[in-house]
There are 2 protein chains.
Amino acid sequence: MQNSGPAPASGNAPPRRGRGRPRAFDREAALTEAMHLFWRKGFAATAISELTAAMGIGAPSLYAAFGSKEELYTEALRHYRERYEAQVWGNFAAAPTARAAVEALLTDTAVALTQVCAPEAARGCMVTLSAVGGEGHADLGACVQAARALGFERVVARLSRAAAEGEFDASVDISALARFVMTVQGGLSLQARDGASRAELEAVARLTMAGWDARVAD
Amino acid sequence: MQNSGPAPASGNAPPRRGRGRPRAFDREAALTEAMHLFWRKGFAATAISELTAAMGIGAPSLYAAFGSKEELYTEALRHYRERYEAQVWGNFAAAPTARAAVEALLTDTAVALTQVCAPEAARGCMVTLSAVGGEGHADLGACVQAARALGFERVVARLSRAAAEGEFDASVDISALARFVMTVQGGLSLQARDGASRAELEAVARLTMAGWDARVAD
DNA sequence: CCATTTCTGTATTGTTCGATACAGAAAGAT
DNA sequence: ATCTTTCTGTATCGAACAATACAGAAATGG
(Lines give C-alpha, C1' and ligand atoms only; values in the text may rest on other atoms or scores of the structure.)
Protein backbone atom coordinates (compact mmCIF):
# COMPACT_ATOMS: atom_id res chain seq x y z
CA MET A 1 0.00 0.00 0.00
CA GLN A 2 2.76 2.44 0.86
CA ASN A 3 4.72 4.05 -1.88
CA SER A 4 7.40 1.78 -3.20
CA GLY A 5 8.60 3.89 -6.09
CA PRO A 6 12.29 3.77 -6.89
CA ALA A 7 13.40 6.19 -4.16
CA PRO A 8 11.31 8.92 -5.83
CA ALA A 9 13.47 11.96 -5.26
CA SER A 10 16.33 11.00 -2.98
CA GLY A 11 18.70 13.52 -4.38
CA ASN A 12 18.77 13.40 -8.14
CA ALA A 13 22.44 13.45 -9.00
CA PRO A 14 22.50 9.69 -9.58
CA PRO A 15 19.30 9.06 -11.58
CA ARG A 16 19.65 5.77 -9.78
CA ARG A 17 17.46 3.72 -12.04
CA GLY A 18 16.09 0.80 -10.14
CA ARG A 19 16.19 -2.67 -11.37
CA GLY A 20 12.97 -3.23 -13.29
CA ARG A 21 11.41 -1.75 -16.36
CA PRO A 22 11.81 2.01 -16.40
CA ARG A 23 8.84 4.33 -16.12
CA ALA A 24 7.69 5.38 -19.55
CA PHE A 25 6.32 8.81 -18.60
CA ASP A 26 7.69 11.96 -17.02
CA ARG A 27 6.48 11.94 -13.45
CA GLU A 28 6.71 15.71 -13.01
CA ALA A 29 4.94 16.41 -16.29
CA ALA A 30 2.14 14.03 -15.35
CA LEU A 31 1.93 15.70 -11.95
CA THR A 32 1.62 19.07 -13.63
CA GLU A 33 -1.35 17.84 -15.63
CA ALA A 34 -2.97 16.42 -12.52
CA MET A 35 -2.39 19.75 -10.77
CA HIS A 36 -4.13 21.63 -13.57
CA LEU A 37 -7.13 19.33 -13.40
CA PHE A 38 -7.48 19.47 -9.60
CA TRP A 39 -6.95 23.22 -9.74
CA ARG A 40 -9.75 23.73 -12.23
CA LYS A 41 -12.30 21.16 -11.08
CA GLY A 42 -11.50 20.49 -7.45
CA PHE A 43 -10.87 17.16 -5.82
CA ALA A 44 -14.29 15.51 -5.76
CA ALA A 45 -15.29 16.52 -9.27
CA THR A 46 -12.09 15.21 -10.85
CA ALA A 47 -12.36 11.55 -11.86
CA ILE A 48 -9.46 9.15 -12.10
CA SER A 49 -10.39 8.54 -15.74
CA GLU A 50 -9.98 12.27 -16.44
CA LEU A 51 -6.66 12.27 -14.66
CA THR A 52 -5.28 9.30 -16.56
CA ALA A 53 -6.46 10.81 -19.84
CA ALA A 54 -4.82 14.17 -19.09
CA MET A 55 -1.66 12.59 -17.73
CA GLY A 56 -1.43 10.21 -20.68
CA ILE A 57 -1.02 7.10 -18.57
CA GLY A 58 -3.06 4.12 -17.47
CA ALA A 59 -4.69 3.78 -14.10
CA PRO A 60 -2.19 1.17 -12.80
CA SER A 61 0.68 3.53 -13.62
CA LEU A 62 -1.05 6.32 -11.75
CA TYR A 63 -1.55 4.20 -8.65
CA ALA A 64 1.98 2.77 -8.82
CA ALA A 65 3.50 6.24 -9.07
CA PHE A 66 1.25 8.19 -6.70
CA GLY A 67 -0.51 5.72 -4.42
CA SER A 68 -4.07 7.03 -4.36
CA LYS A 69 -6.23 9.91 -5.45
CA GLU A 70 -5.68 11.64 -2.11
CA GLU A 71 -1.90 11.27 -2.27
CA LEU A 72 -1.93 12.51 -5.85
CA TYR A 73 -3.85 15.58 -4.73
CA THR A 74 -1.37 16.18 -1.93
CA GLU A 75 1.52 15.98 -4.35
CA ALA A 76 -0.25 18.21 -6.85
CA LEU A 77 -0.73 20.75 -4.09
CA ARG A 78 2.93 20.62 -3.16
CA HIS A 79 3.85 20.94 -6.83
CA TYR A 80 1.60 23.97 -7.13
CA ARG A 81 3.18 25.69 -4.17
CA GLU A 82 6.70 24.95 -5.29
CA ARG A 83 5.90 26.32 -8.71
CA TYR A 84 4.04 29.51 -7.84
CA GLU A 85 4.95 30.49 -4.32
CA ALA A 86 8.01 32.54 -5.21
CA GLN A 87 5.97 34.44 -7.77
CA VAL A 88 3.74 35.76 -5.02
CA TRP A 89 5.98 35.77 -1.96
CA GLY A 90 9.42 36.42 -3.43
CA ASN A 91 9.30 40.20 -3.46
CA PHE A 92 7.43 40.16 -0.17
CA ALA A 93 10.37 38.47 1.49
CA ALA A 94 12.94 40.75 -0.11
CA ALA A 95 11.18 44.06 0.50
CA PRO A 96 12.93 46.52 2.81
CA THR A 97 9.81 47.65 4.64
CA ALA A 98 6.58 46.00 5.71
CA ARG A 99 4.64 48.43 3.54
CA ALA A 100 6.70 47.56 0.48
CA ALA A 101 6.35 43.87 1.31
CA VAL A 102 2.56 44.03 1.50
CA GLU A 103 2.34 46.16 -1.60
CA ALA A 104 4.51 43.65 -3.45
CA LEU A 105 2.40 40.78 -2.16
CA LEU A 106 -0.84 42.28 -3.41
CA THR A 107 0.56 43.51 -6.70
CA ASP A 108 2.32 40.24 -7.47
CA THR A 109 -0.82 38.34 -6.52
CA ALA A 110 -2.82 40.48 -8.94
CA VAL A 111 -0.32 39.74 -11.69
CA ALA A 112 -0.02 36.02 -10.95
CA LEU A 113 -3.76 35.50 -10.84
CA THR A 114 -4.34 37.07 -14.23
CA GLN A 115 -1.56 35.60 -16.29
CA VAL A 116 -3.18 33.09 -18.56
CA CYS A 117 -0.99 30.04 -18.93
CA ALA A 118 -3.40 27.78 -20.78
CA PRO A 119 -6.44 28.32 -22.99
CA GLU A 120 -8.89 27.01 -20.42
CA ALA A 121 -6.71 27.40 -17.36
CA ALA A 122 -8.05 27.59 -13.85
CA ARG A 123 -8.53 31.06 -12.46
CA GLY A 124 -7.82 31.92 -8.88
CA CYS A 125 -5.38 30.37 -6.43
CA MET A 126 -5.64 26.61 -6.03
CA VAL A 127 -4.97 26.87 -2.30
CA THR A 128 -7.25 29.80 -1.59
CA LEU A 129 -10.21 28.42 -3.52
CA SER A 130 -9.87 24.78 -2.54
CA ALA A 131 -13.03 23.46 -0.93
CA VAL A 132 -11.67 19.98 -0.35
CA GLY A 133 -12.13 20.29 3.39
CA GLY A 134 -15.89 20.65 3.09
CA GLU A 135 -16.11 17.78 0.63
CA GLY A 136 -15.53 15.25 3.38
CA HIS A 137 -11.76 14.85 3.21
CA ALA A 138 -10.67 16.31 6.52
CA ASP A 139 -6.99 15.49 6.08
CA LEU A 140 -6.71 17.21 2.72
CA GLY A 141 -8.77 20.09 4.09
CA ALA A 142 -6.35 20.52 6.96
CA CYS A 143 -3.51 20.52 4.45
CA VAL A 144 -4.85 23.43 2.38
CA GLN A 145 -5.98 25.27 5.48
CA ALA A 146 -2.48 25.05 6.89
CA ALA A 147 -1.14 26.43 3.62
CA ARG A 148 -3.52 29.36 3.88
CA ALA A 149 -2.61 29.96 7.52
CA LEU A 150 1.04 30.13 6.53
CA GLY A 151 0.40 33.23 4.45
CA PHE A 152 -1.24 34.98 7.36
CA GLU A 153 1.63 34.04 9.63
CA ARG A 154 4.16 35.39 7.18
CA VAL A 155 2.44 38.76 7.15
CA VAL A 156 2.15 38.79 10.93
CA ALA A 157 5.86 38.00 11.23
CA ARG A 158 6.81 40.74 8.80
CA LEU A 159 4.60 43.27 10.57
CA SER A 160 5.96 42.30 13.95
CA ARG A 161 9.47 42.86 12.71
CA ALA A 162 8.45 46.23 11.28
CA ALA A 163 6.91 47.22 14.58
CA ALA A 164 10.08 46.19 16.41
CA GLU A 165 12.13 48.25 13.97
CA GLY A 166 9.91 51.25 14.48
CA GLU A 167 8.41 51.32 10.98
CA PHE A 168 5.11 52.12 12.61
CA ASP A 169 4.09 52.68 16.18
CA ALA A 170 3.02 50.08 18.66
CA SER A 171 -0.64 51.10 18.63
CA VAL A 172 -1.16 49.30 15.33
CA ASP A 173 -3.04 46.02 15.73
CA ILE A 174 -0.71 43.75 13.81
CA SER A 175 -3.00 40.75 13.72
CA ALA A 176 -5.93 42.81 12.45
CA LEU A 177 -3.82 44.50 9.81
CA ALA A 178 -2.45 41.16 8.64
CA ARG A 179 -5.92 39.71 8.44
CA PHE A 180 -7.05 42.70 6.42
CA VAL A 181 -4.22 42.12 3.97
CA MET A 182 -4.98 38.42 3.68
CA THR A 183 -8.68 39.11 3.28
CA VAL A 184 -7.92 41.26 0.27
CA GLN A 185 -5.39 38.79 -1.05
CA GLY A 186 -7.93 35.99 -0.83
CA GLY A 187 -10.63 38.17 -2.33
CA LEU A 188 -8.39 38.72 -5.34
CA SER A 189 -8.71 35.01 -6.13
CA LEU A 190 -12.49 35.27 -6.07
CA GLN A 191 -12.36 38.27 -8.38
CA ALA A 192 -9.95 36.50 -10.72
CA ARG A 193 -12.22 33.48 -10.81
CA ASP A 194 -15.08 35.68 -11.94
CA GLY A 195 -12.95 37.13 -14.71
CA ALA A 196 -11.44 40.32 -13.31
CA SER A 197 -8.52 41.70 -15.31
CA ARG A 198 -5.01 42.41 -14.15
CA ALA A 199 -5.61 46.16 -14.20
CA GLU A 200 -8.74 45.75 -12.09
CA LEU A 201 -6.92 43.66 -9.50
CA GLU A 202 -4.02 46.09 -9.40
CA ALA A 203 -6.48 48.88 -8.72
CA VAL A 204 -7.79 46.87 -5.77
CA ALA A 205 -4.21 46.50 -4.52
CA ARG A 206 -3.71 50.28 -4.75
CA LEU A 207 -6.87 51.00 -2.80
CA THR A 208 -5.79 48.52 -0.16
CA MET A 209 -2.49 50.33 0.26
CA ALA A 210 -4.41 53.57 0.63
CA GLY A 211 -6.16 51.90 3.54
CA TRP A 212 -2.81 50.85 4.90
CA ASP A 213 -1.49 54.39 4.74
CA ALA A 214 -4.59 55.67 6.46
CA ARG A 215 -3.93 53.36 9.39
CA VAL A 216 -0.17 53.18 9.57
CA ALA A 217 2.11 56.13 10.07
CA ASP A 218 4.88 56.04 7.54
CA MET B 1 -39.56 14.95 -16.74
CA GLN B 2 -40.63 18.52 -16.12
CA ASN B 3 -41.89 19.54 -12.75
CA SER B 4 -45.50 18.61 -12.28
CA GLY B 5 -45.90 19.54 -8.64
CA PRO B 6 -49.25 20.94 -7.57
CA ALA B 7 -48.61 24.52 -8.71
CA PRO B 8 -45.68 24.75 -6.29
CA ALA B 9 -46.03 28.25 -4.94
CA SER B 10 -48.72 30.03 -6.92
CA GLY B 11 -49.73 32.28 -4.14
CA ASN B 12 -50.35 30.44 -0.93
CA ALA B 13 -53.65 31.81 0.34
CA PRO B 14 -55.53 28.79 -1.02
CA PRO B 15 -53.31 25.88 -0.06
CA ARG B 16 -54.91 24.53 -3.22
CA ARG B 17 -54.35 20.89 -2.55
CA GLY B 18 -54.32 19.04 -5.79
CA ARG B 19 -56.25 15.91 -6.43
CA GLY B 20 -54.04 13.04 -5.43
CA ARG B 21 -52.38 11.87 -2.27
CA PRO B 22 -50.94 14.82 -0.39
CA ARG B 23 -47.21 15.23 0.06
CA ALA B 24 -46.15 13.81 3.40
CA PHE B 25 -43.21 16.16 4.00
CA ASP B 26 -42.69 19.91 4.31
CA ARG B 27 -41.21 21.00 1.00
CA GLU B 28 -39.57 24.12 2.43
CA ALA B 29 -38.10 22.27 5.40
CA ALA B 30 -36.68 19.63 3.09
CA LEU B 31 -35.28 22.36 0.86
CA THR B 32 -33.62 23.94 3.89
CA GLU B 33 -31.86 20.67 4.67
CA ALA B 34 -30.73 20.32 1.06
CA MET B 35 -29.44 23.89 1.18
CA HIS B 36 -27.38 23.17 4.29
CA LEU B 37 -25.84 20.11 2.67
CA PHE B 38 -25.00 21.82 -0.63
CA TRP B 39 -23.69 24.81 1.31
CA ARG B 40 -21.33 22.72 3.37
CA LYS B 41 -20.17 20.12 0.85
CA GLY B 42 -20.74 21.72 -2.53
CA PHE B 43 -22.66 20.28 -5.44
CA ALA B 44 -20.44 17.47 -6.71
CA ALA B 45 -19.53 16.09 -3.30
CA THR B 46 -23.15 15.89 -2.13
CA ALA B 47 -24.78 12.58 -3.01
CA ILE B 48 -28.48 12.04 -3.56
CA SER B 49 -28.41 9.44 -0.79
CA GLU B 50 -27.08 12.06 1.64
CA LEU B 51 -29.75 14.48 0.51
CA THR B 52 -32.60 12.01 0.95
CA ALA B 53 -31.27 11.04 4.38
CA ALA B 54 -31.00 14.66 5.52
CA MET B 55 -34.33 15.62 4.00
CA GLY B 56 -36.05 12.58 5.49
CA ILE B 57 -37.64 11.45 2.23
CA GLY B 58 -37.16 8.78 -0.41
CA ALA B 59 -35.45 9.36 -3.72
CA PRO B 60 -38.69 9.22 -5.76
CA SER B 61 -40.20 11.94 -3.54
CA LEU B 62 -37.11 14.08 -4.10
CA TYR B 63 -37.30 13.74 -7.86
CA ALA B 64 -41.06 14.25 -7.92
CA ALA B 65 -40.77 17.43 -5.88
CA PHE B 66 -37.58 18.93 -7.31
CA GLY B 67 -36.92 17.32 -10.69
CA SER B 68 -33.20 16.63 -10.59
CA LYS B 69 -30.08 17.26 -8.55
CA GLU B 70 -29.33 20.37 -10.60
CA GLU B 71 -32.82 21.79 -10.15
CA LEU B 72 -32.66 21.03 -6.45
CA TYR B 73 -29.39 22.94 -6.23
CA THR B 74 -30.91 25.87 -8.09
CA GLU B 75 -33.84 25.94 -5.69
CA ALA B 76 -31.54 25.60 -2.69
CA LEU B 77 -29.57 28.56 -3.99
CA ARG B 78 -32.74 30.62 -4.38
CA HIS B 79 -33.82 29.58 -0.90
CA TYR B 80 -30.45 30.64 0.47
CA ARG B 81 -30.66 34.06 -1.12
CA GLU B 82 -34.22 34.65 -0.03
CA ARG B 83 -33.29 33.71 3.48
CA TYR B 84 -30.04 35.61 3.99
CA GLU B 85 -29.94 38.42 1.45
CA ALA B 86 -31.74 40.98 3.58
CA GLN B 87 -29.40 40.26 6.45
CA VAL B 88 -26.47 41.47 4.36
CA TRP B 89 -28.05 43.97 1.98
CA GLY B 90 -30.92 45.39 4.00
CA ASN B 91 -29.02 48.15 5.76
CA PHE B 92 -27.00 48.77 2.62
CA ALA B 93 -30.16 49.66 0.75
CA ALA B 94 -31.52 51.84 3.53
CA ALA B 95 -28.35 53.77 4.31
CA PRO B 96 -28.42 57.51 3.65
CA THR B 97 -24.92 57.73 2.17
CA ALA B 98 -22.74 55.45 0.06
CA ARG B 99 -20.21 55.35 2.85
CA ALA B 100 -22.79 54.27 5.40
CA ALA B 101 -24.11 51.72 2.91
CA VAL B 102 -20.72 50.12 2.33
CA GLU B 103 -19.91 50.17 6.01
CA ALA B 104 -23.22 48.47 6.75
CA LEU B 105 -22.58 45.92 4.03
CA LEU B 106 -19.21 44.91 5.41
CA THR B 107 -20.26 44.97 9.04
CA ASP B 108 -23.43 43.01 8.41
CA THR B 109 -21.49 40.54 6.31
CA ALA B 110 -19.03 40.06 9.16
CA VAL B 111 -21.91 39.40 11.54
CA ALA B 112 -23.84 37.12 9.20
CA LEU B 113 -20.80 35.01 8.39
CA THR B 114 -19.97 34.33 12.02
CA GLN B 115 -23.35 33.56 13.49
CA VAL B 116 -23.40 29.87 14.10
CA CYS B 117 -26.79 28.45 13.29
CA ALA B 118 -26.00 24.74 13.54
CA PRO B 119 -23.37 22.66 15.33
CA GLU B 120 -21.56 21.70 12.15
CA ALA B 121 -22.89 24.48 9.96
CA ALA B 122 -21.20 25.64 6.83
CA ARG B 123 -18.96 28.65 7.17
CA GLY B 124 -18.73 31.33 4.52
CA CYS B 125 -21.27 32.45 1.95
CA MET B 126 -22.78 29.70 -0.19
CA VAL B 127 -22.76 31.95 -3.24
CA THR B 128 -19.29 33.40 -2.80
CA LEU B 129 -17.62 30.07 -2.13
CA SER B 130 -19.52 27.96 -4.63
CA ALA B 131 -17.18 26.23 -7.06
CA VAL B 132 -19.94 24.56 -9.01
CA GLY B 133 -18.92 26.31 -12.20
CA GLY B 134 -15.52 24.66 -12.25
CA GLU B 135 -16.99 21.26 -11.46
CA GLY B 136 -18.35 20.93 -14.97
CA HIS B 137 -21.84 22.34 -14.52
CA ALA B 138 -21.67 25.49 -16.61
CA ASP B 139 -25.32 26.41 -16.14
CA LEU B 140 -25.18 26.28 -12.35
CA GLY B 141 -21.85 28.09 -12.48
CA ALA B 142 -23.40 30.89 -14.48
CA CYS B 143 -26.19 31.06 -11.93
CA VAL B 144 -23.92 31.64 -8.93
CA GLN B 145 -21.66 33.92 -10.92
CA ALA B 146 -24.65 36.07 -11.83
CA ALA B 147 -25.57 36.21 -8.16
CA ARG B 148 -22.07 37.40 -7.32
CA ALA B 149 -22.12 39.96 -10.12
CA LEU B 150 -25.35 41.36 -8.71
CA GLY B 151 -23.58 42.40 -5.54
CA PHE B 152 -20.96 44.28 -7.49
CA GLU B 153 -23.63 46.00 -9.54
CA ARG B 154 -25.50 47.07 -6.44
CA VAL B 155 -22.40 48.76 -5.07
CA VAL B 156 -21.67 50.40 -8.41
CA ALA B 157 -25.22 51.71 -8.58
CA ARG B 158 -25.07 53.09 -5.05
CA LEU B 159 -21.72 54.74 -5.69
CA SER B 160 -22.93 56.22 -8.95
CA ARG B 161 -25.88 57.73 -7.15
CA ALA B 162 -23.58 59.10 -4.48
CA ALA B 163 -21.35 60.66 -7.12
CA ALA B 164 -24.36 62.24 -8.78
CA GLU B 165 -25.49 63.60 -5.42
CA GLY B 166 -22.05 65.02 -4.74
CA GLU B 167 -21.17 62.74 -1.84
CA PHE B 168 -17.70 62.53 -3.33
CA ASP B 169 -16.09 64.12 -6.32
CA ALA B 170 -16.07 62.83 -9.86
CA SER B 171 -12.42 61.85 -9.81
CA VAL B 172 -13.23 58.71 -7.82
CA ASP B 173 -13.11 55.55 -9.92
CA ILE B 174 -16.45 54.08 -8.99
CA SER B 175 -15.88 50.71 -10.58
CA ALA B 176 -12.51 50.27 -8.90
CA LEU B 177 -13.88 51.31 -5.54
CA ALA B 178 -16.81 48.93 -5.89
CA ARG B 179 -14.49 46.10 -6.83
CA PHE B 180 -12.35 46.85 -3.81
CA VAL B 181 -15.39 46.62 -1.57
CA MET B 182 -16.53 43.36 -3.14
CA THR B 183 -13.02 41.94 -2.93
CA VAL B 184 -13.05 42.51 0.81
CA GLN B 185 -16.61 41.25 1.13
CA GLY B 186 -15.68 38.05 -0.69
CA GLY B 187 -12.49 37.72 1.30
CA LEU B 188 -14.55 37.78 4.48
CA SER B 189 -16.13 34.48 3.42
CA LEU B 190 -12.70 32.91 3.00
CA GLN B 191 -11.69 34.15 6.44
CA ALA B 192 -14.92 32.88 7.96
CA ARG B 193 -14.39 29.50 6.35
CA ASP B 194 -11.00 29.27 8.02
CA GLY B 195 -12.51 30.06 11.38
CA ALA B 196 -12.15 33.83 11.82
CA SER B 197 -14.28 35.31 14.58
CA ARG B 198 -16.87 38.04 14.35
CA ALA B 199 -14.57 40.54 16.04
CA GLU B 200 -11.77 39.74 13.63
CA LEU B 201 -14.01 40.24 10.61
CA GLU B 202 -15.38 43.47 12.03
CA ALA B 203 -11.82 44.72 12.40
CA VAL B 204 -11.27 43.97 8.72
CA ALA B 205 -14.41 45.95 7.91
CA ARG B 206 -13.09 48.90 9.92
CA LEU B 207 -9.73 48.86 8.15
CA THR B 208 -11.51 48.74 4.83
CA MET B 209 -13.48 51.84 5.71
CA ALA B 210 -10.22 53.55 6.64
CA GLY B 211 -9.12 52.82 3.11
CA TRP B 212 -12.38 54.27 1.85
CA ASP B 213 -11.86 57.46 3.81
CA ALA B 214 -8.33 57.73 2.48
CA ARG B 215 -9.65 57.69 -1.06
CA VAL B 216 -12.98 59.40 -0.84
CA ALA B 217 -13.49 62.92 0.39
CA ASP B 218 -16.28 62.95 2.93
C1' DC C 1 21.94 -16.65 -21.37
C1' DC C 2 18.32 -16.69 -17.50
C1' DA C 3 16.39 -14.82 -13.19
C1' DT C 4 14.57 -10.87 -11.02
C1' DT C 5 12.37 -6.64 -10.79
C1' DT C 6 9.34 -3.06 -12.20
C1' DC C 7 6.36 -0.87 -15.34
C1' DT C 8 2.42 -0.97 -19.04
C1' DG C 9 -2.13 -2.11 -21.16
C1' DT C 10 -6.37 -4.72 -20.96
C1' DA C 11 -9.92 -6.20 -18.51
C1' DT C 12 -12.39 -6.27 -14.46
C1' DT C 13 -13.45 -5.86 -9.48
C1' DG C 14 -17.13 -4.28 -6.04
C1' DT C 15 -19.21 0.09 -4.87
C1' DT C 16 -21.68 4.08 -5.38
C1' DC C 17 -23.65 7.31 -8.39
C1' DG C 18 -28.04 9.75 -10.26
C1' DA C 19 -32.35 8.42 -11.57
C1' DT C 20 -36.79 5.16 -12.15
C1' DA C 21 -40.29 1.15 -12.40
C1' DC C 22 -43.59 -0.51 -9.94
C1' DA C 23 -47.12 -1.52 -6.62
C1' DG C 24 -49.63 0.09 -2.89
C1' DA C 25 -51.50 4.01 -0.13
C1' DA C 26 -54.04 8.30 0.51
C1' DA C 27 -56.44 11.93 -0.96
C1' DG C 28 -60.34 14.47 -4.16
C1' DA C 29 -64.06 13.88 -7.68
C1' DT C 30 -68.34 11.91 -9.04
C1' DA D 1 -68.61 3.29 -3.47
C1' DT D 2 -65.64 3.74 -7.40
C1' DC D 3 -62.49 6.20 -10.35
C1' DT D 4 -58.72 9.21 -10.92
C1' DT D 5 -54.78 11.40 -9.39
C1' DT D 6 -50.64 11.92 -6.83
C1' DC D 7 -47.44 10.59 -3.42
C1' DT D 8 -44.53 6.89 -0.78
C1' DG D 9 -41.40 2.85 -0.12
C1' DT D 10 -38.89 -0.97 -2.06
C1' DA D 11 -36.16 -2.56 -5.23
C1' DT D 12 -33.46 -1.72 -8.98
C1' DC D 13 -31.57 0.29 -13.31
C1' DG D 14 -27.32 1.29 -16.33
C1' DA D 15 -23.36 4.23 -15.87
C1' DA D 16 -19.50 5.86 -13.69
C1' DC D 17 -16.67 5.61 -9.74
C1' DA D 18 -11.95 4.39 -7.35
C1' DA D 19 -9.00 0.80 -7.36
C1' DT D 20 -6.71 -3.93 -8.93
C1' DA D 21 -5.56 -8.70 -11.09
C1' DC D 22 -3.12 -10.36 -14.45
C1' DA D 23 -0.14 -11.20 -18.26
C1' DG D 24 3.26 -9.40 -21.12
C1' DA D 25 7.09 -6.05 -21.91
C1' DA D 26 11.43 -3.86 -20.77
C1' DA D 27 15.00 -3.01 -18.03
C1' DT D 28 19.18 -4.73 -14.58
C1' DG D 29 22.07 -8.42 -12.21
C1' DG D 30 24.25 -12.43 -12.46
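Lettering follows sequence order; numbering is per chain, from 1.
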| Separation of Phe38(A) CZ from Glu50(A) CD (nearest 0.5 Å) | 10.0 Å
| Heavy atoms of other groups near Arg154(B) CZ, more than 12 under 6.0 Å | yes
| request: Indicate yes or no for a side-chain donor-acceptor contact from Ser160(B) to the backbone of Val156(B) under 3.5 Å, with no hydrogens or angles considered. | output: yes
| message | Tell me if a side-chain donor or acceptor on Lys41(B) pairs with a main-chain N or O of His36(B) at a distance below 3.5 Å. | response | no
| Would Thr74(B) and Glu71(B) count as a side chain to side chain donor-acceptor pair (under 3.5 Å) if you check the C-alpha gap in whole Å, the side-chain angles of each, and the deciding distance to 0.1 Å? | CA-CA 5 Å; Thr74(B) 301; Glu71(B) 291 175 83; over 6 Å; no
| said: Once hydrogens and angles are ignored, does a donor-acceptor distance under 3.5 Å link the base of dA29(C) to the side chain of Arg19(B)? | reply: no
| said: Give the residues of residues 40-59 of chain B touching DNA chain C, defined as any heavy atom closer than 4.0 Å, sorted by residue number. | reply: Thr46(B), Ala47(B), Ile48(B), Ser49(B), Ala59(B)
| Between Arg123(B) and Leu113(B), does a side chain to side chain contact (heavy atoms under 4.5 Å, CB included) hold up when you go through it step by step? | CA-CA 7 Å; Arg123(B) 283 192 289 210; Leu113(B) 289 175; over 6 Å; no
Nucleotide [N], atom [atom2] - distance to [atom1] of [X] in whole Å:
X: Arg21(B); N: dT6(D); atom1: CZ; atom2: C1'; result: 9 Å
X: Glu70(B); N: dA19(C); atom1: CD; atom2: C1'; result: 11 Å
X: Phe25(A); N: dT6(C); atom1: CZ; atom2: P; result: 15 Å
X: Tyr63(B); N: dT8(D); atom1: OH; atom2: P; result: 15 Å
X: Arg23(B); N: dT8(D); atom1: CZ; atom2: P; result: 7 Å
X: Phe66(A); N: dC7(C); atom1: CZ; atom2: P; result: 12 Å
X: Leu140(B); N: dG18(C); atom1: CG; atom2: P; result: 13 Å
X: Lys69(A); N: dT15(C); atom1: NZ; atom2: P; result: 19 Å

| task | Inspect the contact between Arg206(B) and Glu202(B) and indicate whether a charged nitrogen and a carboxylate oxygen are less than 4.0 angstrom apart. | result | no
| field | Donor on one side chain, acceptor on other, Tyr73(A) and Ser130(A), under 3.5 Å | value | yes
| Intermediate values then yes/no, side chain to side chain contact (heavy atoms under 4.5 Å, CB included), Trp212(B) and Glu103(B) | CA-CA 10 Å; Trp212(B) 173 286; Glu103(B) 186 166 36; over 6 Å; no
| said: Please confirm whether the shortest side-chain N or O distance from Ser61(B) to OP1 or OP2 of dC7(D) is below 4.0 Å. | reply: no
| task | Describe, as an angle rounded to 10 degrees, how the axis at the first end of the helix from dC1(C)-dG30(D) to dT30(C)-dA1(D) is tilted relative to the axis at the last end, five pairs per end. | result | 0°
